[in-house]
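Here the structure is laid out as structure tokens; the discussion comes afterwards.
Just so we're clear, the structure is a prediction, and the values are computed from it rather than from any experiment. Every chain is numbered from 1 and lettered A, B, ... according to where its sequence line falls, protein lines coming before strand lines.
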Amino acid sequence: MAETTRGVNEGQQRYNPAEIEPKWQARWDADASLYAAESHDAGKPKFYCLEMLPYPSGQLHMGHVRNYAIGDALARFMWMRGYNVLHPMGWDAFGLPAENAALKNNTPPAEWTLANIAAMRKQMRRMGLSYDWETEVTTCLPDYYRWNQWLFLKMYEKGLAYRKKSKVNWCPECATVLANEQVIDGRCWRHDDTLVEQRDLTQWFLRITQYADELLSGLEKLEGWPEKVRTMQRNWIGRSEGTEVTFAIDGCPDGSKVTVFTTRVDTIFGATSVQLAPEHPLVRHWASFDEKLAPAVEEMLAQQKAAREAGDLGAIEKHGVDTGRFAVNPYNGELVPVWVANYILADYGTGAIMSVPAHDARDFEFAAKYGLPVKRVVAANVDGEGLELPYLGEDEGVLIDSGAWTGESCLEAQEKMAAFAQTNGFGSKTVTYRLKDWGVSRQRYWGTPIPMVYCERGHAGVEAGGVVPLPESALPVLLPEQVEITQQGGSPLGRVEGFVNTTCPVCGGPARRETDTMDTFVDSSWYFYRYTDAKNSTAPFDSAKANYWFPIDQYIGGVEHAILHLIYSRFWTKVMRDLGLIHNDEPAARLFTQGMVIKDGAKMSKSKGNVVSPDLMIERYGADATRMYALFAAPPDRDLEWQEEGVAGISRFLAKVYRLTTKYAEVAGKGSGKSGGGADLLRTLHQTIAKVTQDFSGRWHFNTSIASIMILVNEIAANEAAMDSGEVPALAIGEVFRGLVRMLAPFAPFVSAELWELLGGGGAVFRTAWPAADEELARESEMEIPVQSNGKLVTVVRVAAGSDEAVIKAAALADEKVVARLEGKTVVKVIVVPGKLVNLVVR
RNA sequence: GCCCGGAUGGUGAAAUCGGCAGACACAGCGGACUUAAAAUCCGCAGACCGUAAAAGGUCGUGGGGGUUCAAGUCCCCCUCCGGGCACCA
């Protein structure tokens with residue numbers, strides 16, 4: 001900032017954040033206890049305020065600044081309200097970017113990552129964020145990831161971690177497998193121009209599906225979570241109740257059967273074909289000897305592959321091939337043709353369906369294309385009257401032409417027909433999910449080593465090459481430091497002889513270590529528990545500590561984690577609860593997802609060239625103005641358009657606060673009181689306190705909190721003459737400035753600390769009590785009542801506060817503008833809403 | 001296609017329970033101070049009609065309908081924008 005030559009007025013100084021902020025930052029850095037949480041057994045009400053931990057890319061961006069400005073304001077407010085606050089920060093430090101950086105710069109991932117962490121920690125301190133650095137968690141350090149390994153072993157013991165060969169998502173760019181949650185529209189979540197391939201690999205999985213029902217039903221209780229996130233998780237879990245029905249294949253010498261999954265077993269009398277996925281085992285079996293079927297199936301699979309590569313799986317045209325075989329409908333013995341169809345998903349339900357064209361839109365379309373019969377079995381009433389097909393009729397439908405079930409309602413028939421299948425041994429009610437088990441193996445270096453070995457020779461109970469879990473005493477399995485990172489396939493750890501070759505912990509024979517590492521989402525699934533006991537070297541954390549702090553009272557982060565981190569961490573919480581480590585069912589009682597920071601109408605990104613650097617903003621306007629602008633420019637749940645002029649505006653506002661406070665610091669420092677004049681100023685002060693307090697406890701619309709503080713400051717400025725003359729007494733001045741500075745503390749901590757000291761406040765301003773709104777002082781003596789005629793404003797009358805209906809009505813009718821307006825008209829009705837308005841209904 | 005959000009001045013927004021639409025800012029314009037500029041301070045500012053200037057009037061919260069003394073807010077229909085899900089049987 002340019003130096004001005006203007007001399008300062010007596011007792012007031014120019015606001016200079018470049019001087020104030022580093023001074024306070026140094027003081028805060030020197031005092032580790034300042035933001036430290038108190039012990040879990042201090043007997044105080046607790047508040048766990050958490051922002052999502054960042055990936056240490058090396059640079060904070062505006063999204064971080066916004067996220068942390070919200071959390072920091074809340075944490076400071078809760079301290080001032082007397083809570084024991086835990087406000088920690090850490091680093092999601094494993095992951096591919098470190099390996100890419102290693103390739104590019106020839107720096108070891110650990111070195112690169114730790115340097116980035118140091119740089120970002122410095123930026124956070126520069127922002128004046130109130131983190132308790134004593135509880136810092138860095139996921140790439142052995143004291144953290146050993147507990148990933150420990151928990152993985154516990155899950156293995158419980159059968160929740162297992163190995164299987166299956167089709168997995170492979171990103172050629174990352175050169176590793178991805179979880180289903182990390183594939184978006186067939187593309188990698190980190191490389192949206194890279195198509196994910198399907199590969200058959202043996203991988204480690206976590207049995208998240210075991211908790212599918214609880215993950216779903218738990219959403220109902222998460223009232224403090226945005227409805228949007230709950231809906232997204234509900235969709236992702238994709239629970240579907242239905243019935244499995246087994247059809248025998250007609251005339252098949254080997255007794256083959258096919259089981260279909262349907263949610264509408266009531267319509268089974270209308271089934272006119274059975275449709276199988278091309279990958280279905282029965283199809284493979286038939287294709288192995290059926291020369292006509294084999295090429296058709298091959299073609300179908302090839303087409304699917306091509307469509308997937310074009311990234312356009314949804315647009316593929318539905319088509320099918322008749323296998324020439326028939327299946328027997330077990331309800332009525334009817335023979336229906338068996339087809340192979342390209343739209344049947346192999347990994348959903350049983351990979352086979354019954355096709356009921358009359359009552360399913362997609363089956364209807366398919367039947368029309370291939371001339372399959374359409375057989376109506378549901379109508380709106382028993383007479384089967386005129387409804388166009390396909391007719392779904394779930395709630396109001398009645399079965400027709402359905403044997404013993406004719407005349408039943410669809411819903412009743414579903415129950416009875418499923419029971420019938422069960423009794424007769426050809427089916428049962430069942431539930432399927434879209435959610436699949438979580439594949440956690442990654443063929444990468446920079447992650448947590450999976451604590452498993454493969455015993456080469458085998459021993460009792462373990463075949464040669466079989467899995468042997470390491471004992472707890474072998475933890476941590478350290479990630480070797482000298483590893484060559486290359487782009488060639490396979491896990492880089494597989495090329496480290498000293499790592500791979502080991503001995504079997506059971507038989508002592510030669511063994512090979514697992515060379516895959518864990519998905520980094522494992523790290524972030526439970527990091528927030530570690531904050532409660534970050535230095536524990538004998539357990540992931542002490543249960544008593546975790547039980548005191550959990551659930552997180554407020555979790556704040558971006559909505560982009562709605563079905564990744566936020567579903568994994570809910571799962572992990574339930575697992576740890578079942579392991580007896582914690583009591584809570586859910587990690588966070590309340591979740592807040594803040595809006596994006598945009599510039600020129602688009603999300604900030606390097607490719608668009610619209611990135612605004614937080615460092616630059618701090619340099620130009622200071623950290624206080626930068627973070628306060630992030631809270632002022634929009635309510636926190638909405639997108640925020642970054643306008644530098646707005647930051648300058650906040651900076652001017654803070655300069656005004658600074659000028660006024662320094663000018664009156666001496667007189668204000670003499671004490672504070674509530675009587676003897678200055679009523680107007682005190683009224684505004686207490687109205688502002690009420691408003692800001694309300695915003696904190698409710699909607700977090702800090703934009704309006706800050707606006708009301710600006711009104712207070714404008715009012716103070718308007719009272720300068722009265723303050724100078726002594727018309728406003730010193731005690732009132734003290735009250736006003738002490739209130740103002742404390743209200744500013746959650747939003748602009750640096751300048752608040754500086755001004756609090758000048759006021760002789762003593763102690764850290766954000767550890768003093770939040771000012772209390774005095775209703776008496778806040779009350780207006782007069783109120784303005786708008787007077788309307790037929791809903792249109794005529795005038796505003798002033799009456800004494802608390803006037804009753806009769807007084808307000810009389811005042812309204814006596815007003816000269818009202819009298820003029822009523823000339824020659826009849827008042828039909830007078831509506832008086834005390835304290836609000838008067839509306840005259842006239843004719 | 002289905003499910004969530006959203007649309008208010010030149011701009012960001014406010015109006016929290018159906019009760020003065022546009023608080024508070026940004027940008028703009030006019031003025032004071034200054035040799036000048038910056039900074040600061042004061043004032044103006046939804047649109048249209050009207051007036052010498054006023055006064056005054058009309059319209060106005062994406063569009064159309066409705067409920068009500070009163071609608072940005074509630075109900076019905078529609079448009080556009082953002083996000084999520086999507087061959088899920």
Side-chain angles (χ1 to χ4, degrees), chain A residues 1-2 4-6 14 184-185 226-236 238-240 242-243 260-264 275 277 313-318 341-345 347-356 360-363 365-366 432-434 559-560 562-563 595-596 598 601 603 629 632-635 637-650 652-653 655-656 659 691 694-695 698-699 701 703-711 713-714 717 720 784-796 828-833 835-842:
Chain A
M1 249 180 241
T4 62
T5 51
R6 181 179 59 89
R14 195 170 57 87
I184 295 148
D185 287 335
E227 189 50 46
K228 180 182 177 158
V229 172
R230 295 201 277 167
T231 305
M232 283 166 76
Q233 292 208 357
R234 231 173 258 130
N235 291 341
W236 184 259
R239 185 180 198 271
S240 176
T243 309
V260 304
F261 173 74
T262 177
T263 54
R264 293 297 304 277
Q275 308 275 351
L313 210 52
I316 194 167
E317 205 195 328
K318 291 177 186 45
N342 66 344
Y343 66 92
I344 306 301
L345 303 174
D347 57 1
Y348 183 78
T350 59
I353 64 154
M354 64 176 197
S355 177
V356 184
D360 180 279
R362 196 189 48 203
D363 292 349
E365 188 194 324
F366 190 84
T432 59
Y433 299 91
R434 210 181 88 100
V559 75
E560 65 273 16
I563 48 180
M596 286 188 301
I598 57 178
K603 188 177 178 177
Y629 173 74
F632 177 68
D637 48 340
R638 273 211 235 174
D639 285 352
L640 182 155
E641 166 81 30
W642 195 269
Q643 289 177 316
E644 191 169 336
E645 295 84 358
V647 190
I650 294 289
R652 281 198 291 272
F653 165 72
K656 193 168 172 181
R659 179 184 72 78
K691 167 70 183 158
Q694 192 192 6
D695 278 337
R699 309 183 306 166
H701 280 203
N703 52 332
T704 59
S705 314
I706 294 168
S708 67
I709 296 173
M710 287 171 169
I711 293 171
V713 172
N714 290 344
E720 268 192 88
E784 293 188 337
I785 302 290
V787 182
Q788 299 179 329
S789 158
N790 290 342
K792 283 185 185 169
L793 185 70
V794 177
T795 188
V796 175
V828 182
K829 198 175 173 187
V830 181
I831 302 199
V832 180
V833 185
K836 289 276 188 187
L837 94 170
V838 176
N839 191 12
L840 307 166
V841 187
V842 300

Reckon [X] touches a base, only the sugar-phosphate, or nothing at all at heavy-atom distances under 4.0 Å?
X	result
A/Ile711	sugar-phosphate
A/Pro226	nothing
A/Lys318	base
A/Val833	base
A/Gly238	nothing
A/Asn839	base
A/Phe632	base
A/Gln788	base
A/Asp360	nothing
A/Glu641	nothing
A/Asn714	sugar-phosphate
A/Ile344	base
A/Gln694	base

Under-4.0 Å side-chain N/O to phosphate OP1/OP2 contact, [X] with [N]:
X	N	result
A/Arg652	B/A27	yes
A/Arg230	B/C3	no
A/Arg434	B/C85	no
A/Thr231	B/G84	no
A/Arg638	B/A14	yes
A/Lys792	B/C59	yes

Side chain of [X] only, heavy atoms from C-beta on: which candidate in [options] is closest?
X	options	value
A/Thr262	B/A89, B/A13, B/G84	B/A89
A/Ile563	B/A89, B/C24, B/C85	B/C85
A/Glu645	B/C20, B/A27, B/A25	B/A27
A/Asn703	B/A89, B/A13, B/G12	B/A13
A/Pro786	B/A23, B/G12, B/C20	B/C20
A/Lys656	B/G19, B/A13, B/C41	B/C41
A/Met710	B/A25, B/A89, B/C4	B/A25

side-chain hydrogen bond (donor to acceptor under 3.5 Å, both in side chains) between A/Ser240 and A/Tyr433, worked out: CA-CA 6 Å; A/Ser240 176; A/Tyr433 299 91; over 6 Å; no
Which distance, rounded to the nearest 0.5 Å, do you find between the CD1 of A/Ile711 and the CD1 of A/Ile706? 12.5 Å
Anti/syn call for B/C41, syn if |chi| within 90°: anti
Specify the glycosidic conformation (syn or anti) of B/G62, with syn defined as within 90° of 0.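 What B/G62 shows is an anti base, its glycosidic angle lying more than 90° from 0.
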According to the Watson-Crick and G-U wobble definitions, with both distances under 3.5 Å, which nucleotide is paired to [N]?
N	answer
B/A36	none
B/G1	B/C85
B/G28	B/C44
B/A54	none
B/C74	B/G66
B/A7	B/U79

Please report the distance, rounded to the nearest Å, between [atom1] in [X] and [atom2] in [N].
X	N	atom1	atom2	answer
A/Leu793	B/C59	CG	C1'	15 Å
A/Ile353	B/A89	CD1	P	10 Å
A/Met596	B/G82	CE	P	11 Å
A/Lys228	B/G83	NZ	C1'	5 Å
A/Trp642	B/G12	CH2	P	16 Å
A/Asp639	B/C81	CG	C1'	12 Å

Mind checking whether A/Val830 and A/Val841 have side chains closer than 4.5 Å, heavy atoms only? no
Within a strict 4.5 Å, meaning less than it, do heavy atoms of the A/Arg239 and A/Arg434 side chains meet? no
Inter-nucleotide [atom1] distance ([N], [M]), Å rounded:
N	M	atom1	result
B/C80	B/A86	P	24 Å
B/G64	B/G57	P	25 Å
B/G84	B/C29	C1'	45 Å
B/U51	B/U58	C1'	16 Å
B/A15	B/G63	C1'	23 Å
B/A14	B/G22	P	15 Å
B/A13	B/G6	P	13 Å
B/A23	B/C75	C1'	29 Å

Assign each of A/Leu840 and A/Tyr433 the nucleotide of RNA chain B bearing its closest heavy atom; nearer the 5' end lies the nucleotide of A/Leu840
Need to verify one output field. Residue with the more 5' nearest nucleotide on RNA chain B, A/Glu227 or A/Ile706? A/Glu227
For the side chain to side chain contact (heavy atoms under 4.5 Å, CB included) test, which of A/Ile650, A/Val647, A/Leu640 pairs with A/Phe632?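 The single option meeting the side chain to side chain contact (heavy atoms under 4.5 Å, CB included) with A/Phe632 is A/Ile650.
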Residue pair A/Val559 / A/Lys228: nearest heavy atoms and the distance that separates them: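 Where A/Val559 meets A/Lys228 most closely, the heavy atoms are CG2-CE, 4.1 Å.
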Pair A/Lys656, A/Asn714 - check side-chain hydrogen bond (donor to acceptor under 3.5 Å, both in side chains), show working. CA-CA 9 Å; A/Lys656 193 168 172 181; A/Asn714 290 344; 2.9 Å; yes
Taking A/Tyr629 for the side chain and A/Gly649 for the main chain, is one N or O donor matched with an acceptor at less than 3.5 Å? no
Given A/Ser355 and A/Asp360, is the side-chain hydrogen bond (donor to acceptor under 3.5 Å, both in side chains) satisfied, shown in steps? CA-CA 8 Å; A/Ser355 177; A/Asp360 180 279; over 6 Å; no
Is any NZ, NE, NH1 or NH2 atom of the basic residue among A/Glu227 and A/Arg234 found under 4.0 Å from an Asp or Glu carboxylate oxygen of the other? yes
